[in-house]
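Every chain is numbered from 1, with letters handed out A, B, ... down the list of sequences. Since the model is a prediction, treat every value here as computed from it, not as a measurement.
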Amino acid sequence: MGNSVQLLSDRVSLIASNDTWMEGTAIQQLLKTAELPHMCRVAGMPDLHPGRGYPVGAAFFSVGHIYPALVGNDIGCGMGLWQTDLPLHKVNIDKLSKRLGNVEQPLDDSWGDLLRQRKQDQAIDCDGFDASLGTIGGGNHFAEFQAVDDVFDSTALEALGLEHKRLLLLVHSGSRGLGQRILTEHVSRFNHQGLAAGTAGFDDYLQQHDQAVRWAELNREMIARRFLQAIRAEGEVLFDINHNLVSSKTLDGTAGWLHRKGATPADQGLVVIPGSRGDHTYLVKPLESAAGLYSLAHGAGRKWQRGDCKARLSHKYSRDELYRTAFGSLVICGDRTLLYDEAPQAYKPCLSIIEALQDAGLIEVVARLKPVLTFKTHGECSA
DNA sequence: ATGTTC
């Protein structure tokens, strides 16, 4: 216990074991970000990897100031886990895939009443990005049907209301163009500077940020609902957790701001830590601990940079190996670049992330899930 | 990451 917590400095810790894949660039970015004024504590997660200036897979605690550029463009990005009423023995993967013909279009009028209701309830006063609402987007975002593969804590599973013989749906998306617009506007006014609490800019950003978080949550709900409708199933959300945001938090008696940059909250109950489309997803129970700044890994973490993947993989693998995984699960991805950028080989093994978190005393594994069908985007190349 | 490439 605790042997995978590395102290890089008096205020920077890294959750990683000796065999966790870790880029030097990512560590440099972590240490550099820790030097920002008013930054008090930084924790890198085992899925840490280089980002644009700031690393992804880390939590940053500051006092009196927030850093919108550190949160980045995908404000409110997160994961929603849904349980369908479809028994696994009735699932036919090829039939499932054929029903996903219309899940990328803007939501049509039949969703209008529900959308208006949700926007009113959630105080979402923004119509400018309706065409993206209910759509997955690009990058590492996805909607994935999954099945329980192994159970380690049936009591916790039961408490969550998860029945292990039903098809699950994991949705990973964020605030799309809305978060992007908020960041761009901030950067044009303040560059990468932080904002001091109490200033107009601070209040203005936080108000927009919080709305983008709610918009992203609604986006994931709509994605889940349209996927359920497409496969003619009912379903309910088990949890929905953001891993890209800044929120107020008191740490050792000090009130401040916790930036989560690809870091899943450890103070909101059970969470999932998904691997790549060709790897397991782990349902885990966070344990009480201050070592990780109330945060966990948000996934397996990239091993290879985007853009490098196509050259490394395109001559090595057959078409069949790209659209079917080792689990026999199906991959729908019509975008060639995305197909390679998000290949299993581009990601760290998810078990290595889970083991590092376990060794640090941050989690207990509740269940292991496996992919059934991963949807990225349509296109002529899909199987 | 991005109603995506000034």
Side-chain angles (χ1 to χ4, degrees), chain A residues 26 29 33 47-58 60 67-80 102-108 111 115 119 124 126-144 171-188 192 205 208-209 211-213 215-220 222-223 226 241-246 259-264 274 276-277 297-302 304-310 333-343 346-347 375-379:
Chain A
Q29 288 182 337
T33 310
D47 59 334
L48 187 80
H49 59 93
R52 286 194 165 183
Y54 309 105
V56 181
F60 306 87
Y67 290 93
L70 178 52
V71 175
N73 65 319
D74 201 2
I75 303 163
C77 184
M79 310 257 184
N102 198 29
V103 292
E104 289 185 286
Q105 304 305 313
L107 292 170
D108 64 30
W111 298 93
L115 270 182
K119 282 184 173 178
I124 296 170
C126 166
D127 298 324
F129 294 88
D130 281 359
S132 304
L133 196 51
T135 63
I136 295 170
N140 59 357
H141 291 168
F142 61 80
E144 186 170 271
V171 175
H172 178 202
S173 190
S175 56
R176 313 286 271 101
L178 174 58
Q180 169 71 15
R181 190 191 66 182
I182 294 168
L183 176 67
T184 303
E185 188 185 309
H186 167 80
V187 170
S188 72
H192 278 232
Y205 171 77
Q208 292 183 67
H209 164 283
Q211 172 155 248
V213 168
W215 193 101
E217 288 166 352
L218 177 58
N219 186 37
R220 288 189 291 274
M222 299 316 290
I223 291 168
R226 80 183 321 183
I241 309 266
N242 299 298
H243 55 227
N244 219 53
L245 74 170
V246 58
H259 304 68
R260 289 188 173 101
K261 175 81 172 167
T264 293
S276 71
R277 67 187 186 222
H298 77 310
R302 295 200 73 86
W304 296 346
Q305 265 187 293
R306 252 169 224 296
D308 288 358
C309 302
K310 194 167 186 176
C333 181
D335 182 318
R336 283 306 269 195
T337 306
L338 206 50
L339 185 70
Y340 291 112
D341 280 354
E342 297 300 313
Y347 282 85
F375 187 96
K376 298 288 289 182
T377 181
H378 272 311

Hey, can you tell me if A:F375 and A:H378 have their rings parallel, tilted or perpendicular (30° and 60° cut-offs)?
perpendicular
Round to a whole Å and report the spacing from CD of A:E104 to P of B:dT2.
12 Å
Are a donor atom and an acceptor atom from the side chains of A:Y54 and A:H259 found within less than 3.5 Å of each other?
no
Would you kindly give the CG-to-C1' distance between A:N244 and B:dT2, to the nearest whole Å?
13 Å
Atom pair distance, as rounded to whole Å: CD in A:Q105 and P in B:dG3
15 Å
I need the CD1-C1' distance between A:I182 and B:dG3, as an integer number of Å.
15 Å
Provide, to the nearest angstrom, the distance between the CD atom belonging to A:Q180 and the P atom belonging to B:dC6.
13 Å
Look at all strands and tell whether A:G179 reaches a base, only sugar-phosphate, or nothing, counting heavy atoms closer than 4.0 Å.
nothing
Select base, sugar-phosphate, or nothing to describe what A:G174 touches, counting heavy atoms under 4.0 Å on all strands.
nothing
Could you tell me whether A:R176 contacts a base, only the sugar-phosphate backbone, or nothing, with contacts defined as non-hydrogen atoms closer than 4.0 Å?
sugar-phosphate
A:D127 has an atom CG; how far is it from atom P of B:dG3, in whole Å?
16 Å
Rounded off to whole Å, could you give me the CZ-to-P distance for the A:R306 and B:dT4 pair?
17 Å
I need the CG-P distance between A:D74 and B:dT4, as an integer number of Å.
15 Å
Is there a donor-acceptor pair closer than 3.5 Å between any side-chain N or O of A:K376 and the backbone N or O of A:G139?
yes
Assign A:G72 to base, sugar-phosphate, or nothing according to its heavy-atom contacts below 4.0 angstrom with the strands shown.
nothing
Is it the case that the side chain of A:D341 and the backbone of A:G307 share a donor-acceptor pair, with hydrogens and angles ignored and the cut-off at 3.5 Å?
yes
